[in-house]
K.L.:
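Can you read through this structure? Questions will come right after.
Just follow the structure's listing: the first ligand is 1, and inside any ligand the first atom is 1. Everything quoted here is computed from the prediction, not taken from an experiment.
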Amino acid sequence: ATASRRGSGWNSHSRYRELAVMSDGYVWFEGIPFPVVDCTPEHLRAMQDFVFKDEDVLTVSFPKSGTNWLVEILCLIYSKGDPTWVQSVPIWERSPWVENTHGYQILKDKEGPRLITSHVPIHLFPKSIFKSKTKVIYLIRNPRDILVSGYFFWIISKFVKRPESLEQYFEWFTQGYETLGNWAQYVNAWMLEGQENVLIVSYEELKQDTRSVVQKICRFLGKKLEPEELNSLLKHSSFQVMKENKMSNYTLLRGWLIEDKNGSLMRKGISGDWKNHLTVAQAEVFDRIFCEKMAGLPPELFPWE
Ligand SMILES: Nc1ncnc2c1ncn2[C@@H]1O[C@H](COP(=O)(O)O)[C@@H](OP(=O)(O)O)[C@H]1O
Ligand SMILES: CCc1ccc(OS(=O)(=O)O)cc1
């Protein structure tokens, strides 16, 4: 783990720590708070010149939407269900984040089709995406579950402003003072703008019928998997198997970006956990705010509503 992180450019994180302290827990860029993960305002500016290629596949999501699950699925589609790659290379090197300096370096030098991940809002995205035929998979999730997932992840993380309680985090989230800003604005902008070469996938439909959604993704990407390859993909991207895979579960980050010695990305992996954590009053406030903010989009886009 250490060799993989340090040997390839992850050893200068004191600058990020410094930025975190200076900026109250976030890297601020154009008014948007980014997590302090190998990310600087200078890099976010330089990243604007990143050139997307037609054969690239981009995963875009608001943090805690199930991004790493979708990335694991894409890696296994590209390896035709063979788990060797997902078991030997950290997930952030298989599908690097373009907004991270280390990820950017890997991507810049990579030949052939690239898997790319991003949480960057559309208005700050490298403009080359709009000229390329890059296939974009846009992942959405019930924002109530994003809120709960985020709370439990940020309290064990060292790279964002840490909430003191779920009540406090609820206030931040519903007011839009959250990592990557306002969920509704973020989702609205990506959904209204990015039309061509875009497939919208929800965490909820993935949970409900993973096989069918994977088949839909394969059709979108022009990939074909044999039945045994698909079965292997479903096994190796399952919650239980990903939870044990140290190349995917973020345990490589323990002691560095993750505080808790038992901390992991893989918490519960279910839909609707918000019902176990939000009060009735909080749920009502949430409903009011989000109905208002999502009014411009057809409700059938959101399978959880
Ligand atoms: N294979 C899988 N199946 C279901 N959920 C998964 C999963 N892999 C990751 N997740 C869930 O995706 C969320 C993390 O999202 P992201 O990758 O965008 O950071 C976590 O949600 P929970 O905290 O609700 O369990 C995590 O458990
Ligand atoms: C090290 C890879 C990494 C970790 C966390 C990130 O942010 S978020 O949790 O998805 O918001 C990004 C990259």
K.L.:
Quick check on contacts: which atoms of ligand 2 are under 4.0 angstrom from a heavy atom of W154?
P.N.:
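Selected atoms, number and element: 9 (O), 11 (O).
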K.L.:
Nearest heavy atom to atom 9 (O) of ligand 2 wins, so pick from W92, F153, F62.
P.N.:
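Shortest heavy-atom distance from atom 9 (O) of ligand 2: F153.
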K.L.:
For the residue pair Y250 and F153, establish whether any side-chain heavy-atom pair is separated by less than 4.5 Å.
P.N.:
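Yes, at least one pair of side-chain atoms sits under 4.5 Å.
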K.L.:
Is the closest side-chain donor-acceptor distance between E99 and S118 under 3.5 Å?
P.N.:
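Yes, side-chain donor-acceptor contact under 3.5 Å.
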K.L.:
Anything under 30° is parallel, anything over 60° is perpendicular, the rest tilted; go ahead and classify W69 against Y203.
P.N.:
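Perpendicular.
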K.L.:
Which is it for W256 and ligand 2 at heavy atoms under 4.0 Å: side chain, backbone, both or neither?
P.N.:
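Neither part.
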K.L.:
Decide yes or no on salt bridge (charged side-chain N to carboxylate O under 4.0 Å, His left out) for R94 and E72, but give the supporting numbers first.
P.N.:
CA-CA 9 Å; R94 284 182 262 127; E72 198 83 338; 2.9 Å; yes
K.L.:
Enumerate the protein residues lying less than 4.0 Å from ligand 1, judged by heavy-atom distances, in chain and residue-number order.
P.N.:
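Those residues closer than 4.0 Å to ligand 1 by some heavy atom are K64, S65, G66, T67, N68, W69, R141, S149, Y203, S237, S238, F239, M242, L265, M266, R267, K268, G269.
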K.L.:
Which of the numbered atoms in ligand 2 are below 4.0 angstrom from a heavy atom of P63?
P.N.:
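Contacts of ligand 2 toward P63, numbered from 1: 11 (O).
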K.L.:
Give a yes/no on ligand 2: does V37 have at least one heavy atom closer than 4.0 angstrom to it?
P.N.:
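Judged by the 4.0 Å heavy-atom criterion, V37 does count as contacting ligand 2.
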K.L.:
Do S95 and T117 have a side chain donor and acceptor closer than 3.5 Å?
P.N.:
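Their side chains do contain a donor-acceptor pair, which is all the 3.5 Å distance test asks for.
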K.L.:
Considering only heavy atoms of F159, which atoms of ligand 2 have at least one such atom less than 4.0 Å away?
P.N.:
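The atoms of ligand 2 under 4.0 Å from a heavy atom of F159 are 5 (C), 7 (O), 9 (O).
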K.L.:
Could you tell me if K131 sits above the aromatic ring of F52, with its cationic atom closer than 6.0 Å to the ring centre and no more than 45 degrees from the axis?
P.N.:
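Checked: cation-pi criterion not met.
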K.L.:
If I apply the N/O under 3.5 Å rule, does H119 come out as touching ligand 2?
P.N.:
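Such a contact does occur with ligand 2.
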K.L.:
So is K108 actually on top of F50's ring, under 6.0 Å and inside 45° of the axis?
P.N.:
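No, K108 does not lie over the aromatic ring of F50.
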K.L.:
Check for me whether F34 has a heavy atom closer than 4.0 Å to any atom of ligand 2.
P.N.:
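Per 4.0 Å heavy-atom rule, F34 does not contact ligand 2.
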K.L.:
Test ring pair (Phe, Tyr, Trp, His ring centres under 6.0 Å) on Y151 and H277 and set out the steps.
P.N.:
CA-CA 11 Å; Y151 171 71; H277 297 280; 8.3 Å; no
K.L.:
Decide yes or no on ring pair (Phe, Tyr, Trp, His ring centres under 6.0 Å) for F159 and W256, but give the supporting numbers first.
P.N.:
CA-CA 9 Å; F159 56 95; W256 178 49; 9.0 Å; no
K.L.:
Cation-pi check, K64 to W154: give yes when NZ or CZ is under 6.0 Å from the six-membered ring centre and within 45° of the ring axis, no otherwise.
P.N.:
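Yes, a cation-pi geometry holds between K64 and W154.
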